[in-house]
Every structure is written in structure tokens, then in C-alpha cells.
There are 2 protein chains.
Amino acid sequence: MGNSRVTLKDLAKELNLSPSTISRAISGHPAISDATRKLVQQKADELGFTPNSIASSFRKKKTQSIGIIVPKIDIHFHSLVISGIEEYAYSKGYNVTIFQSKDSFEREKEITRILQNRMVEGIIICLSNETKSYAHFKKFAKLGVPVIFYDRVPTNFNANKIVINDYESAFKATEHLIQQGCSRIAHIAGNQSTHIFKDRLEGYKTALKKYKLPIDPSLILETKNLTYEEGAECAKKMLALPELPDGLFCSNDYTAISAIQVFQKAHIKVPEQIAVVGFSNYPISRVIEPNLTTINDRAFQMGQAAASLLIRQIDDTDSFVEFETITLKTDLVVRASSMRKENIPNT
Amino acid sequence: MGNSRVTLKDLAKELNLSPSTISRAISGHPAISDATRKLVQQKADELGFTPNSIASSFRKKKTQSIGIIVPKIDIHFHSLVISGIEEYAYSKGYNVTIFQSKDSFEREKEITRILQNRMVEGIIICLSNETKSYAHFKKFAKLGVPVIFYDRVPTNFNANKIVINDYESAFKATEHLIQQGCSRIAHIAGNQSTHIFKDRLEGYKTALKKYKLPIDPSLILETKNLTYEEGAECAKKMLALPELPDGLFCSNDYTAISAIQVFQKAHIKVPEQIAVVGFSNYPISRVIEPNLTTINDRAFQMGQAAASLLIRQIDDTDSFVEFETITLKTDLVVRASSMRKENIPNT
DNA sequence: CTGAAAGCGCTTACAG
DNA sequence: CTGAAAGCGCTTACAG
């Protein structure tokens, strides 16, 4: 079947004009007369000409495409970020090519090679949880290809980063529990080798200190992956304590929800006997009964911010800025799971 | 900063070999001696040469990339499909470029133009809900670029499709409720202008007919978008009926879950007084209490199947097959929300 | 086993 | 306002 695309040359021949003129007419060069432009446009439509952007990319060394690496696309947080990136990039004429590292360091390295070959103009990445070395990103600095890290970002490595203030957010969440009258507040923590979960634990501790509450190690439960199942295990451990905590701050929503369900099955009332706060504001937090108080981590906005910073850096080739870190605001979304006093929930 | 990539020519000059030989050595052409191959590989590593795949794509007219169009990336179903596509495509050396139509027909058309210009080798798409005409896909047939539709697929239009049997699945779900002893079974239906929701309604009706149960129009509640909020409204309408249904089959999980919550707030027991079945097997179905019986629609596998079919069609340029429709198996995942008799749930 | 040459479809500096 | 010419970095049919 006629795999034959119509090219600039074909158009030129048809119209007895030079390819240069056709090229300029199509791309809206100002030096082309209106008459010629119209003529060319008409013929292009007639013959079904559309510019071959691979040829154009090759010639101009501008691919108008950016690469995204995420651990897994179907994690809701990442799909929101990707959605934000795509939306912004599309509005600026950039395409988005997606890769999953599957949390494999080797695969992440391989993907950076592919992205280099593909000549993407910039990269947005959430590191795999295996990644401890960042040498595979150094080549992009040499090539002038900006890289933006989000969520799981490198430590001890200069780079562009989009983050939220995990420490502050955790502080806010814990402080809220204290203000609701809780004094024995437990924490379900994420893997402490990941700095965002470390920061959340720190924020929790700082809030306790500020309000002169003791830090009780038996109330701090570290998990590997903050899974639904791990949340349930942690809740059971709390039930086995000599005295039940009266508040619980969890490093994500899954563990918060499974903990609530374990408590409820043990006929412990949430929030009356134990008030619970999660982290991320997943859709599920508005489904669980009672609705979950949680931190809105602005995943969609994070994607938009990452794309915006990236494209700004692609365009400003001779800026003096080497690296930028953008910290996004978070909100505490107060719902029923933590409401022990007469407040008005904000969602 | 030295934006200078090392090229084939540079390598050739360094080694006093022709660019042809370098090209063949790098791409593993069999006619190259081992000695030369090693020499070239070594020098390539030394100079940090990596092939420019844009140049290669341009020359070979093979971009090794496929385009995906989804209504919205952060809908869990689509993110699972995309994940399946990326996984399969990556294993075959294809890259995946993603676009969101945002359920806009105009944007969908615009995206197909971009994909044509970008010379993707194939396209996987879930149609926007505004799309009624498929003329914008015809150009790809002429160009020999295969297009695979999934989920929301065209009707009355010959095309490659990956689908599940919505009719059968709905039949299975409804039959299960009947076997659990329900005889007044309601249905929360999706928009009847979308064929998959029409099929689900048909499957429901057929099951009732088969078991000689009456079809009661007051028990069939159509929604616009099957949202959580619409599910709650429908449940309230059921509560207002002279007699409550004893079974409920919903066209998705969100409506099923909100209905369950409305029932529970009205002190109606699920499944004892009303047994509920959803559709999609979203993660949330294992969180709600009681856990939701639902149809596993195999979104990840749908993505893999779409990518596999697409790449098969890209490779088989001279096959006699014009179009293919693949129907995937679905499972009824039986959980507590529908268990009125002593069965063993399968998850 | 290796090389010389042509060309993929554009863009752009230079010239008029 | 328009054109001739060179070239982006590869690949491949042809030749030896």
C-alpha cells in the first residue's frame, strides 16, 4: 500500500518553486509573500503533505521531546505526575516518551542510554529505589540536556529537583493530632533509607518535641514498602501494646486505611479512641469511613512544575542558573478520621 | 558546554577506517572481522560514542516508537494499560510516546496529526468519549501504520481491537447474584451511548431472562459517568423504592462502593439484605468492607496484548490479515459483598 | 572483509 | 521575496 509520503520536493516540483520557499511557507517564515504562502498551503492540503518531523528534528537537532522515567506507571502518584507533565508539555509543543524502571538500577541506567541516543531534550525522573549512584546522569550535563528529579531525588548530588517539604508536612500532620488532644501518637514510617520517609519521621518527632510530648520508640513502626498489608501488621502491633496510642500519623494513605480497618474490627473507634492521619490524599481517602485526614501532596502540580522548569531550562541555554530546587506547598486536608473536636473540615 | 556529540565520522577518522565499516561494526553486521569490531567498540567507549538514533531513524524510516492516546493518564484503568504496553514495547526495543485526549475530539484529531508527523510506527488508542467519526484514522491505513483500539473502540468501522466481552462478563456477574439467591436485582448502568455499557446492560438483562426473572425498569438506573457521587444517588433512589432490591450489579467499582456505603448508613446489611457486584477489580475493591465482588477486566494484560498485536503488525508488512479483534478473558472475583451462601471466595 | 558514494527530507546562511 | 547549495549523521546497494 502506497507507503509514499509527499515531501517538500514533491510540492516544490508541482508549484515550480524551490524547496527553500516551500519550507519557509509551511513553517510561517515572515519573508514569504501572502500569495505564495496561500498557494503552498493549498497545494499541501491537496496533496496531503505533512512535514516529516523526524527529518526536521534531525536537521535542527531539536527533537521537541522529553523523556520520563518512573518506577511504575500504574502507581497513582506517578500517573498523576505524568498527567501533569503531559498536559504542560503538550501545550508547549513537546512530546513525552515514558519508561518504567521497575525499581531496577540496571534498567534505569539502560533507559538513560536510550534517552541519550534518542536525543530527548530533557528528562524528568523519579529514581528507582535501588539507585544509590548517579553517575549515569552526568553525561546529560555534558550534553546540555537538563534533568529534573522529583519525589525520590538524589542526595549529595547537585541537581534540579521538584519536591514537597516532607518534614514540614509531617510536622503539620502531627501537630494537628496534638491539637485534637492526642498525646500518645504513633507513627507508621516508610523505609528509612529513603530520605522522604526519613524527613517525615523527623517532622513527626519535632512536633512531639515542640509540644513536650515524649518520643516513645515502641510507637514508631518502620515498614519496608508502606503496603496495605504492612499497615495492618503495624496496627495489630499497636493493639498488642500495654496501652493503645490515641493518635496515628502514617507515611502514606494505604497504611492509614488498613490500620483504621484493623482498629474497627477490634471495635476501637476512629477517631474517638484513635485519631488517624495519612499522607498523599489518594482518592481512596474520601471513600474510607471515616474519611481520612491526609496531606495533599499535589502530584499533578508536581508534574506541571517539573515540565515547566524543564522546558524553561531547555529554552534558556545560556542562563547562569546551574540547578534549581522547587518546593511545592502541601495542605493538610482535615476529614473525619482525625476530628475529635468541633472543627469544620476543609473538604 | 561542549554540546558536541561524537559521530561515526569522528570514530572513522580516529581509526583510519571508513564510516561504513564503523556503522557495520557498531550495529553488529556479520561481515565485520572480530578484530575490527573490537577495535571499534573500544574506541567508541573511549570517546563516548553512542549512535544518534534520530539520524538512524531518519535514514531507515523506522522510528522504533509507538504512540498511545488515552483520555486521561491518571485513570487507573488506563495507567495499567499503559504500563502493560510499555513493558511489552520495551522488551521489543520500541519506545512509547503518550498523549491525553482529555476526552476532546478536536484534541484527538490534533494528536493524530502529530503522530503522523512524528512517524510513529503504530498507534494504540482508547477513543475520547466525544468521538463519533473515525475519518482521522484513515490516513494511517494509507501510510501502513497499524492502529489498535482498546476499551472504547469504534463501532461500524473495520479496525484492530482489543476488548473484553462486556456482555458475557455482565451476564456472569448477574448470574452469580441469582445463584446467591437474589431475585430482585438492580443495575447501575453507564452511559448508554457507549457500547461497552450498553453491552453490560444487555448481559444483565439476558441473565435475568434466562432465569425467568422479570426485567423491572425501575431497577435499572442509568448514570452519565459512573462516578462515586452518581453511585450514591442511585443507591438513594433504590432506598426510596417500595421494596428494596436484594441484589445489585454495577457497571464499575466506584458506583458499587458508594452504593454499599449508602446502604450501610441506612443500616442495610451487605450482602445479607442486598448483595453487590462491581466491575473492574480496582484496588479499592479489596479495601472496602465487605470486600467487593467484581469483574477482573485485565487492564495490564490488555496493554500487553495491544502492544503485542501492534508490533506483530508492524513487522508483518505483507501479511494477508487486514484487521484483528482480540477478546480477553475476564474473571468474576468473588468476595464478601455478594456471599450469601457458603462458598469459598477465590481471592 | 572493507570502502566510496549516494541519499533519507528537511533547514538555513548566503546571495541576489 | 525567492533560490542554489550544503549538510545534519547515519545506512546500504554496489563494487572490489
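All chains are named by letter (A, B, ...) in the order of the sequence lines, taking the proteins before the strands, and each is independently numbered beginning at 1.
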Can you check the distance between D/dT12 and D/dG16, where both ends of the measurement are the C1' atom (answer in whole Å)? 16 Å
Atom [atom1] of [X] to atom [atom2] of [N]: distance rounded to whole Å?
X        : N      : atom1 : atom2 : value
A/Lys13  : C/dG9  : NZ    : C1'   : 13 Å
A/Leu8   : D/dG3  : CG    : C1'   : 14 Å
B/Leu17  : C/dC1  : CG    : C1'   : 11 Å
A/Asp34  : D/dC1  : CG    : C1'   : 12 Å
A/Ile26  : C/dC10 : CD1   : C1'   : 12 Å
A/Asn52  : C/dG9  : CG    : C1'   : 6 Å
A/Leu11  : D/dG3  : CG    : P     : 13 Å
A/Arg118 : D/dC10 : CZ    : C1'   : 14 Å

Please produce a list of atom pairs where a protein N or O lies less than 3.5 Å from an N or O of nucleotides 12-15 of chain C.
from   : atom 1 : to      : atom 2 : distance (Å)
C/dA13 : N6     : A/Arg24 : NH2    : 2.5

What I want to check is whether the side chains of [X] and [Y] have a donor and an acceptor closer together than 3.5 Å.
X        : Y        : value
A/Asn129 : A/Arg152 : no
B/Ser128 : B/Asp103 : no
A/Ser83  : B/Lys72  : yes
B/Thr97  : B/Ser65  : no
A/Ser53  : A/Ser56  : no

Does the pair B/Glu108 and B/Thr131 meet the rule for a side chain to side chain donor-acceptor pair (under 3.5 Å), with working shown? CA-CA 8 Å; B/Glu108 182 177 294; B/Thr131 303; 3.0 Å; yes
Can you identify which nucleotide, out of [options], has its nearest atom closest to the [X] side chain?
X       : options               : result
A/Lys61 : C/dG9, D/dC8, D/dC10  : D/dC8
A/Ala55 : D/dC10, C/dC10, D/dG3 : C/dC10
B/Ser56 : C/dC8, D/dC10, D/dG3  : D/dC10

Enclosure of A/Lys92 NZ (heavy-atom neighbours >12, cutoff 6.0 Å):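 12 or below, so no.
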Take A/Lys9 and A/Ser27, find for each the nucleotide of DNA chain C with the closest heavy atom, and name the residue whose nucleotide sits nearer the 5' end.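 In this pair, the answer is A/Lys9.
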Partner lookup for C/dA4, please. Criteria are Watson-Crick or G-U wobble with both distances under 3.5 angstrom; report none if nothing qualifies. none
Only pairs with both distances under 3.5 Å count, Watson-Crick or wobble alike; so what is the partner of D/dA13 in this structure? none
Sugar-phosphate only, base, or nothing, as touched by A/Ile54 at under 4.0 Å among non-hydrogen atoms: nothing
Heavy atoms under 4.0 Å, any strand shown: does B/Thr36 hit a base, just sugar-phosphate, or nothing?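 Sugar-phosphate, backbone atoms only, no base.
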When you measure from the side-chain N and O atoms of B/Thr7 to the phosphate of D/dG9, is any distance below 4.0 Å, counting only OP1 and OP2?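 No, no such contact exists.
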For B/Phe157 and B/Phe149, take the angle between the two ring planes, folded into 0 to 90°, and tell me which bin it lands in: parallel under 30, tilted 30 to 60, perpendicular over 60. perpendicular
Under the criteria of a ring-centre distance below 5.5 Å and an interplanar angle below 30°, is A/Phe58 stacked with the base of C/dC10?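 Ring-base stacking flag not set for A/Phe58 and C/dC10.
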